[in-house]
Amino acid sequence: VQLQAYGGGLVQAGGSLRLSCAASGRTFSDYAVGWIRQAPGKEREFLAAISWSGGSRYYADSLKGRFTIPRDNALNTVYLQINSLKPEDTAVYYCAADRSYYGDRIASYAYWGPGTLVTVSS
C-alpha cells in the first residue's frame, strides 16, 4: 500500500487543522493506520491509531481530547483532526499502516508515507 499524508501548513496557535492520509495500491480496509509525528530534534511520537474497520481508536494519553482520527474506507483515507493547536505541535506528521498491527508501537508499522509539515505560530 502507498500512503500520502497532506494538509499541513502554517497555522496560528488555538486553531484547528485536519490532515489526510490517502492510500492506494491495496484494499485499504485490510490495514490499520497510525499517525506519528516528529518534532525538530526529537524522537518520533505516536499520536493515534485506528483499526482496520474503523471501529476502534487508540490515542496517546497526552493528546486525548485534542486529536481525533476518523476513517473513510470508501475514500481510502484516514484523517487526523487536531484542535487547539499549540506551538509544541510543530512537527512533521506521518501516517503509517500495517495489515496485522494496531497500536502505539511505532516500529511495528510496515508502510509509511512521506510526512507533511505542520508549523504552529504563537
Side-chain angles (χ1 to χ4, degrees):
V1 66
Q2 291 81 47
L3 304 173
Q4 178 66 59
Y6 60 94
L10 176 64
V11 295
Q12 287 194 328
S16 297
L17 196 64
R18 188 176 80 163
L19 305 180
S20 300
C21 175
S24 62
R26 289 289 186 269
T27 303
F28 189 48
S29 58
D30 288 346
Y31 295 83
V33 176
W35 282 96
I36 296 97
R37 71 183 178 187
Q38 187 165 25
K42 295 190 176 181
E43 301 278 327
R44 291 182 300 177
E45 177 187 15
F46 168 80
L47 303 174
I50 190 164
S51 63
W52 300 262
S53 65
S56 180
R57 293 168 177 82
Y58 178 61
Y59 297 96
D61 286 341
S62 61
L63 302 172
K64 280 183 179 176
R66 291 202 302 125
F67 287 57
T68 58
I69 183 170
R71 176 173 193 147
D72 190 335
N73 282 341
L75 295 178
N76 286 354
T77 302
V78 171
Y79 305 94
L80 184 69
Q81 177 71 38
I82 313 171
N83 300 320
S84 302
L85 279 156
K86 306 174 182 180
E88 51 264 42
D89 292 321
T90 295
V92 177
Y93 286 70
Y94 300 89
C95 61
D98 199 85
R99 291 183 64 108
S100 58
Y101 179 74
Y102 158 69
D104 62 359
R105 292 199 310 267
I106 295 172
S108 293
Y109 288 94
Y111 302 95
W112 290 72
T116 185
L117 175 63
V118 173
T119 303
V120 184
S121 63
S122 57

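Scope of the values below: all heavy atoms of this structure, side chains included, with no hydrogens, waters or symmetry mates. All values derive from a computational prediction rather than experimental measurement.
Residues in residues 40-60 take part in these salt bridge (Lys or Arg N to Asp or Glu O under 4.0 Å) pairs, two or more places apart or across chains: Arg37-Glu45.
Considering every non-hydrogen atom in both Cys95 and Ala5, the closest pair reads SG-CB, 4.1 Å. Of all heavy-atom pairs spanning Ser121 and Leu10, the tightest one is CB-CD1, 4.2 Å. Between Gly7 and Leu17, the shortest heavy-atom contact is O-CD1, 3.7 Å. The shortest heavy-atom contact between Leu3 and Ala23 is CD2-CB, 3.8 Å. Residues Gly34 and Tyr109 come closest through the heavy atom pair N-CE2, 3.8 Å. Scanning both residues, Ala96 and Ile36, for their nearest heavy atoms gives CB-CD1, 4.0 Å.
At a threshold of 4.5 Å between non-hydrogen side-chain atoms, the residues Ser108 and Asp98 do not count as touching. Taking the side chain as every heavy atom from C-beta outward, Tyr59 and Thr68 approach each other to under 4.5 Å. Two residues are said to be in side-chain contact when any heavy atoms from C-beta on lie closer than 4.5 Å; Asp89 and Val118 fail this criterion.
In this structure, the separation between OH on Tyr93 and CG on Leu80 is 7.5 Å, given to the nearest 0.5 Å. Within the model, atoms CG of Leu63 and CH2 of Trp35 stand 13.5 Å from one another, a figure rounded to the nearest 0.5 Å. Taken from OG in Ser122 to NZ in Lys86, the straight-line distance is 14.0 Å, to the nearest 0.5 Å. To the nearest 0.5 angstrom, Gln12 atom CD is 11.0 Å from Leu85 atom CG.
Tracing side-chain contacts under 4.5 Å through hydrophobic residues (I, L, V, M, F, W, Y), one never reaches Tyr6 starting from Val92; they form parts of separate clusters. Val120 and Ile82 fall within a single hydrophobic cluster, where Ile, Leu, Val, Met, Phe, Trp and Tyr are joined by side-chain heavy atoms under 4.5 Å apart, directly or via other members. Cluster membership for Phe67 and Leu19, using ILVMFWY side-chain heavy atoms within less than 4.5 angstrom, is shared.
Note on ring orientation: taking the six-membered ring where Trp is involved, the planes of Tyr94 and Trp112 are perpendicular (angle over 60°, cut-offs 30° and 60°).
Side chain of Tyr102 to main chain of Tyr58: a donor-acceptor pair is present (N/O by atom type, distance under 3.5 Å, no hydrogens or angles).
The 12-atom threshold is exceeded at OH of Tyr101, counting heavy atoms of other residues, nucleotides or ligands nearer than 6.0 Å.
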In a table with atom names and distances, give each donor-acceptor pair under 3.5 Å that connects a side chain of residues 70-77 to protein atoms at least two apart or in another chain.
from	atom 1	to	atom 2	distance (Å)
Arg71	NE	Asn73	OD1	2.5
Arg71	NH1	Tyr31	O	2.9
Arg71	NH1	Ser51	O	2.8
Arg71	NH2	Phe28	O	2.8
Arg71	NH2	Tyr31	O	2.6
Arg71	NH2	Asn73	OD1	3.4
Asp72	OD1	Ala74	N	3.1
Asp72	OD1	Leu75	N	3.3
Asn73	ND2	Trp52	O	3.4
Thr77	OG1	Leu75	O	2.9

